[in-house]
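Take a look at the structure set out below.
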Amino acid sequence: MSEAVISGMTLLSAEAEAGTTNFLIPNGTFFFVLAIFLIVFGVIAKFVVKPVQQVLDERERLIAQTAQDNRQAAEQDVAAESEFKQELAAARSEAGGLRDQARAEGRQVADDLRSDANVVVADKLQQAGDALKVEGESLAPSLSASVGSLSLTLANRILGVDADVSKQQSNVEGRG
Amino acid sequence: MTLIKEFSPVTSIEVGSHTTATWLGMTVNTDTIYATLVAAVVTLILAFVLRAKVTSTGVPSGVQLFWEAVTVQMRGQVQASMGLSLAPFVLPLVVSLFVFILIANWISVLPLQFASAEGGAVELLKPPASDINFVLALALFVFICYHAAGFKRSGIIGYPIKVTKGHVAFLAPINLVEEIAKPISLSLRLFGNIFAGVIMVGLIAMLPSYIMWAPNAIWKTFDLFVGLIQAFIFALLTILYFSQATETEESHH
């Protein structure tokens with residue numbers, strides 16, 4: 001390897017001694033390369049960097065827009081949920097009110113019916129009582145008329161003697 | 001290519017030799033111009049493919065992702081060192097420089113070597129940056145551009161005073177030397193790296209063909225990395241020089 005370097009060096013120095021051009025001195029190539037680079041520079045400035053920057057800006061704008069959309073959507077979501085909760089609470093209290101009202105109405109109806117029934121019952125009792133009294137009263141004279149004879153019969157049977165008061169008086173006097 | 005080497009083995013390396021012609025009364029290295037044109041055509045094809053398919057809402061193509069990655073990276077660098085508004089053409093300039101130099105450097109990875117009549121290893125497509133004309137053209141263009149930007153920013157009289165004087169007056173000679181060194185170092189850095197790559201390939205080509213492929217593959221892989229790094233450094237230093245030229249006293253912290 002080192003021999004190769006040395007031979008290269010000798011070649012280089014031989015070239016220099018022979019008066020060939022020094023490759024470190026620029027020549028006309030400079031201008032052609034410069035011209036080529038200027039064309040590349042112009043094309044890149046116009047067709048690459050400009051659109052790429054536009055794309056980057058546009059993308060940044062889109063990202064910002066999306067972030068804002070997200071934030072808005074989240075806010076709307078929160079608002080909708082609170083509204084939903086509010087509505088739900090209102091509906092719930094309304095339902096409770098309706099339930100209480102229905103319960104009160106039901107109780108009212110039941111009370112009314114119960115008082116009506118009480119009236120009817122009292123009426124019926126009264127009627128029954130009256131009927132019984134009338135019947136009793138109608139039966140009482142006949143029954144009380146038969147009380148004397150019946151009790152005489154009963155007493156006769158128990159005593160085994162004629163317990164007729166009129167007769168009894170004479171018997172008592174006779175004994176005495 | 002290996003077969004060709006077996007028939008006519010490489011026995012020496014040729015350093016800095018070019019095929020020349022006379023165009024418009026000037027001596028030109030046709031091989032450099034040929035390789036530069038190939039690099040330019042590849043760059044332009046990439047540019048026009050982007051132009052045809054660029055999209056901001058759809059799925060970006062691979063070409064668009066490449067250009068976007070380069071543009072975003074360079075825009076970040078420009079913004080970090082000088083801000084985009086000071087010299088709006090810096091961004092397209094550094095993007096062009098980076099991609100153009102990158103493709104020009106990567107041309108050399110193609111295994112298109114043959115042995116010349118004298119027994120030296122010749123590449124069909126030499127990396128253009130191994131020619132001093134290529135690097136000087138780019139570096140001097142950058143040199144002129146950033147000084148123009150400096151004149152525009154600090155004025156016809158103010159800018160030369162600022163450049164020479166720097167922070168303290170007695171460092172003026174050093175500042176002048178630094179200014180002259182900038183385009184030289186910028187160009188020779190790129191030239192030296194790529195030129196060394198060409199010499200390495202020439203040396204490796206002198207190895208026997210049954211072992212040559214291994215160091216060749218390793219070196220060309222490394223050369224890809226060198227080409228990328230050098231293209232990036234060239235673009236980065238361009239940004240740095242622009243920021244130095246356009247900064248004002250107030251912007252010192």
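Below, read A as the first sequence line, B as the second, and so on, with proteins coming before strands; counting in each chain starts at 1.
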With a 4.5 angstrom heavy-atom cut-off, which part of [X] approaches chain A: side chain, backbone, both or neither?
X: B:Leu97; value: both
X: B:Leu93; value: both
X: B:Pro60; value: side chain
X: B:Ile199; value: neither
X: B:Thr30; value: neither
X: B:Thr36; value: both

ask   = Does any heavy atom of chain B fall under 4.5 Å from the side chain of A:Leu56, the backbone, both, or neither of them?
value = side chain
note = Honestly, the part of A:Leu38 sitting under 4.5 Å from a heavy atom of chain B is side chain
Which of [options] touches chain B most, by non-hydrogen pairs under 4.5 Å:
options: A:Gln54, A:Lys46, A:Arg59, A:Lys50; answer: A:Arg59
options: A:Thr29, A:Val52, A:Ile44, A:Val33; answer: A:Thr29
options: A:Val48, A:Val40, A:Val49; answer: A:Val48

ask   = Would you say the side-chain atoms of B:Trp67 pair up with the backbone N or O of B:Leu46, donor to acceptor, closer than 3.5 Å?
value = yes
task = Keeping the roles fixed (side chain from B:Asn29, backbone from B:Asp31), state whether a donor-acceptor pair exists under 3.5 Å.
result = no
task = Please check if any side-chain donor atom of A:Gln53 sits under 3.5 Å from a side-chain acceptor atom of A:Asp57, or the reverse.
result = no
Plane angle bin for [Y] and [X] - parallel if under 30°, tilted between 30 and 60°, otherwise perpendicular:
X: A:Phe37; Y: B:Phe100; answer: tilted
X: B:Phe141; Y: A:Phe41; answer: perpendicular
X: B:His147; Y: B:Phe143; answer: perpendicular

message = Is the shortest side-chain heavy-atom distance between B:Met74 and B:Leu91 below 4.5 Å?
response = yes
message = Aromatic contact between B:Phe48 and A:Phe47, with the criterion being ring centroids under 6.0 Å apart: yes or no?
response = yes
Among [options], which has the most heavy-atom pairs under 4.5 Å with chain A?
options: B:Arg51, B:Arg75, B:Gln64; value: B:Arg51
options: B:Leu24, B:Ile33, B:Val95; value: B:Ile33
options: B:Leu50, B:Val72, B:Leu37, B:Leu140; value: B:Leu50
options: B:Val54, B:Thr43, B:Val70, B:Leu136; value: B:Leu136

Check against side chain to side chain contact (heavy atoms under 4.5 Å, CB included), B:Val63 and B:Lys53 = CA-CA 9 Å; B:Val63 174; B:Lys53 300 206 295 184; 5.9 Å; no
request  = Determine, stepwise, if the pair A:Phe32 / B:Thr32 fulfils side chain to side chain contact (heavy atoms under 4.5 Å, CB included).
outcome  = CA-CA 10 Å; A:Phe32 289 94; B:Thr32 304; over 6 Å; no
